[in-house]
Amino acid sequence: MSFPLLTATAALPAIGAIATAAVPAARRTAAKWLALVVSLATLVLAGIVFARFEPGGDRYQLTESHAWIADFGVRYELGVDGIGVALLALTALLIPFIILAGWHDADPLETSSSRWRPTQGFFALILMVEAMVILSFVATDVFLFYILFEAMLIPMYFLIGGFGDRAHSGSDENAAAQRSYAAVKFLLYNLAGGLIMLAAVIGLYVVAGSFSLSEIAEARANGSLDMATSTERWLFLGFFFAFAVKAPLWPLHTWLPNAMGEATTPVAVLITAVVDKVGTFAMLRFCLQLFPEASKWATPVIIVLALISIVYGALLAVGQRDIKRLIAYASISHFGFIVLGIFAMTSQGQSGATLYMVNHGLSTAALMLVAGFLITRRGSRLIADYGGVQKVAPVLAGTFLIGGLATLSLPGLAPFVSEFLVLVGAFSAYPVAGIIATVGIVLAALYVLVLYQRTMTGPVREGIGGMPDLRVRELAVALPLIALLIFLGVFPKPLTEVVNPAVQHTMHDVQKKDPQPEVEAAK
């Protein structure tokens with residue numbers, strides 16, 4: 001038996017989470033270092049997975065299959081394709097930066113309540129989320145994926161509700177109430193989606209007699225699985241609803257601004273740059289692969305929802321007074337681009353959507369984490385409390401600007417490549433949708449540049465004059481992310497050569513071909 005590399009990559013942070021939680025209460029610093037070392041070791045394993053993946057090889061590689069619940073046909077089946085390996089690498093890459101950025105976020109509070117914040121639990125929960133997300137990207141058994149899809153809600157609930165943002169403008173009691181509301185809203189929305197998905201998972205087993213992606217695909221290929229049109233559409237809706245909540249897609253998005261606003265900044269990054277990617281990834285892996293005809297049937301409506309997300313999220317970002325909520329609404333707009341690329345059903349659109357997942361993770365992490373450093377210094381999330389930061393903290397302002405420019409997809413930075421491909425794919429299949437989506441680009445430039453102008457330029461406001469610039473730990477977070485944004489912006493080949501073959505498999509699943517350009521004959 002070959003070494004179970006995928007299991008090891010997911011098991012390491014899970015074991016690390018248990019070990020971190022077991023560190024004695026007085027050894028907070030030791031728990032932090034243990035979590036960081038475990039995350040770096042996981043990154044090494046993820047790098048090995050990425051290096052061993054052969055873009056021209058089998059669709060699913062490094063496969064593992066073991067009986068789990070034999071009476072119900074449930075197996076522990078893993079396998080990674082080009083889309084999954086790219087997102088696995090993104091997850092493993094971001095977690096060390098999240099841990100470094102949150103180094104002091106779970107230290108004991110020195111407030112009137114003197115409430116203890118369990119540092120060990122904070123970092124253990126982050127590692128547990130990492131383990132579940134990695135497994136969800138490589139699970140090829142539908143029931144196994146569902147278990148992970150739902151289980152990751154538990155640590156996320158405690159991260160949002162138990163470790164709030166210290167820059168809350170209200171009293172301790174009000175801050176606790178806001179955190180509790182955000183955590184419960186996050187849990188209820190996602191649980192509702194998960195319960196509907198559970199009904200669809202059971203229905204799929206009744207129809208197909210298996211939870212295995214490979215077995216269902218083989219049954220479709222040889223004609224032994226003939227799913228009724230109405231059945232396929234209902235099952236598709238059950239899966240898609242859960243994924244649209246997780247993504248999040250309008251109108252199921254309202255939990256995200258609350259969760260990101262009330263959580264600590266590293267947890268906000270964990271939500272939008274890591275956990276939410278499971279939703280859009282699952283649209284590609286499960287909705288399109290399991291229900292190709294229903295996916296094509298639902299495409300017009302989903303494209304409309306994606307366009308609303310793009311424009312609505314960007315418009316609300318323009319009007320925000322809270323830095324973190326602005327970035328949250330910007331993410332809703334970006335997820336609209338991802339869904340548009342997926343359901344444009346063109347190779348350019350789906351390649352762009354996958355790259356968008358990776359590049360959005362990098363750009364949002366860079367912008368949000370630097371914004372978190374800024375908020376920690378001033379103790380406020382309100383844009384109006386800032387001004388003239390670039391005069392007293394030029395490195396902080398410069399990294400914030402690059403993160404913002406990446407968010408608006410400036411050419412030369414990684415998100416530009418993915419957004420360009422999504423728009424090309426959308427224009428070639430649905431020209432009107434492509435035109436409407438470009439409104440999001442204009443609005444992105446508006447909310448990013450206005451945010452920078454109001455916080456970083458102009459006269460130095462009261463409370464800003466003594467603000468320190470980025471420290472060594474903070475530079476270790478910001479600079480590698482910026483370097484990656486620039487590198488992948490000018491040389492995206494390491495990702496595209498891995499992603500493109502997987503996209504071709506998905507295009508084959510839905511039996512779609514790229515539209516051919518119409519060329520008029522020369523007269």
Side-chain angles (χ1 to χ4, degrees), residues 83 136 139-150 152-153 186-213 216-217 219-220 225-256 275-310 312 332 335-336 338-345 349-350 353 429-430 433 506-507 509-512:
I83 299 170
S136 69
T140 57
D141 183 278
V142 177
F143 190 82
L144 173 61
F145 173 84
Y146 170 77
I147 294 296
L148 297 165
F149 187 83
E150 289 290 87
M152 68 179 69
L153 300 179
F186 162 82
L187 189 64
L188 290 179
Y189 266 69
N190 284 273
L191 275 178
L195 289 174
I196 293 174
M197 181 184 169
L198 176 60
V201 168
I202 295 171
L204 177 66
Y205 180 74
V206 171
V207 172
S210 174
F211 291 115
S212 171
L213 276 176
I216 295 173
R220 277 190 175 278
L225 175 59
D226 186 16
M227 198 178 299
T229 300
S230 59
T231 301
E232 181 174 340
R233 290 178 180 180
W234 280 111
L235 294 178
F236 167 86
L237 291 174
F239 277 78
F240 180 80
F241 182 85
F243 303 153
V245 172
K246 183 83 78 178
L249 185 69
W250 184 92
L252 305 170
H253 67 285
T254 59
W255 63 267
L256 182 67
V275 173
D276 286 354
K277 299 301 187 297
V278 176
T280 46
F281 162 80
M283 292 179 189
L284 279 165
R285 170 164 285 188
F286 296 101
C287 286
L288 270 62
Q289 186 174 345
L290 292 174
F291 316 110
E293 293 303 321
S295 297
K296 290 185 284 188
W297 163 75
T299 289
V301 174
I302 295 173
I303 286 180
V304 171
L305 296 179
L307 292 174
I308 294 174
S309 291
I310 292 170
Y312 173 83
I332 292 170
F335 275 103
I338 295 171
V339 175
L340 175 64
I342 292 171
F343 283 90
M345 302 255 184
Q350 292 188 357
Y430 303 94
T506 304
M507 292 286 290
D509 290 335
V510 293
Q511 298 180 350
K512 295 283 286 187

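Because only heavy atoms are used, hydrogens play no part in the values below, and waters and symmetry mates are left out as well, while side chains stay in. Keep in mind that what you see is a predicted model, and the values were worked out from it rather than measured.
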Discussion item. Between Thr229 and Glu293, is the side chain to side chain contact (heavy atoms under 4.5 Å, CB included) condition met? List the steps.
Written reply: CA-CA 8 Å; Thr229 300; Glu293 293 303 321; over 6 Å; no
Worksheet item: Got Phe243 and Met197 here, is their nearest side-chain heavy-atom distance under 4.5 Å?
Response: yes
Response to the item:
Between Ala208 and Ile216 the two heavy atoms that sit nearest each other are CB-CG1, 4.0 Å
Item to complete: Measure across Leu340 and Ala306 and return the closest heavy-atom pair with its distance rounded to 0.1 Å.
Response: N-CB, 3.8 Å
Worksheet item: Are any side-chain N or O atoms of Glu232 and backbone N or O atoms of Met227, one a donor and one an acceptor, separated by less than 3.5 Å?
Response: no
Practice prompt. Search all heavy atoms of Phe343 against all heavy atoms of Ile303 and return the closest pair with its distance.
Written response: O-CD1, 3.8 Å
Item to complete: Using side-chain contact (heavy atoms from CB on, under 4.5 Å) as the criterion, list what pairs up with Leu191, not counting sequence neighbours.
Response: Glu150, Leu153, Leu187
Worksheet item: With Tyr312, which residues qualify under side-chain contact (heavy atoms from CB on, under 4.5 Å), at least two apart?
Response: Trp250, His253, Ile308, Leu316
Item to complete: Kindly indicate, with the supporting measurements, whether the criterion ring pair (Phe, Tyr, Trp, His ring centres under 6.0 Å) is fulfilled by Phe149 and Phe286.
Response: CA-CA 13 Å; Phe149 187 83; Phe286 296 101; 9.1 Å; no
Practice prompt. Indicate the atoms forming the closest heavy-atom contact of Ser295 with Leu288, along with that distance.
Written response: OG-CA, 3.6 Å
Fill in: Shortest non-hydrogen contact from Asp276 toward Lys246
OD1-O, 3.1 Å
Worksheet entry | side chain to side chain contact (heavy atoms under 4.5 Å, CB included) between Leu204 and Phe291, intermediate numbers included | CA-CA 10 Å; Leu204 177 66; Phe291 316 110; 4.1 Å; yes
Run the side-chain donor-acceptor check on residues 139-146: report pairs under 3.5 Å with partners two or more places apart or on a different chain.
unit_1	atom_1	unit_2	atom_2	d
Thr140	OG1	Glu77	O	3.3
Asp141	OD1	Phe143	N	3.0
Asp141	OD1	Leu144	N	3.0
Asp141	OD2	Arg75	N	3.3
Tyr146	OH	Gly194	O	3.4

Item to complete: For Ala344 and Tyr430, work out which heavy atoms get closest and say how close.
Response: O-CE1, 3.9 Å
Item to complete: For Met283 and Val339, run side chain to side chain contact (heavy atoms under 4.5 Å, CB included): C-alpha distance rounded to whole Å, both residues' side-chain angles, the deciding distance at 0.1 Å, then the answer.
Response: CA-CA 8 Å; Met283 292 179 189; Val339 175; 4.1 Å; yes
Fill in: 4.5 Å side-chain heavy-atom contact, Leu290 and Leu213
yes
Discussion item. Evaluate Leu237 against Phe240 for side chain to side chain contact (heavy atoms under 4.5 Å, CB included), listing each step before the verdict.
Written reply: CA-CA 5 Å; Leu237 291 174; Phe240 180 80; 5.5 Å; no
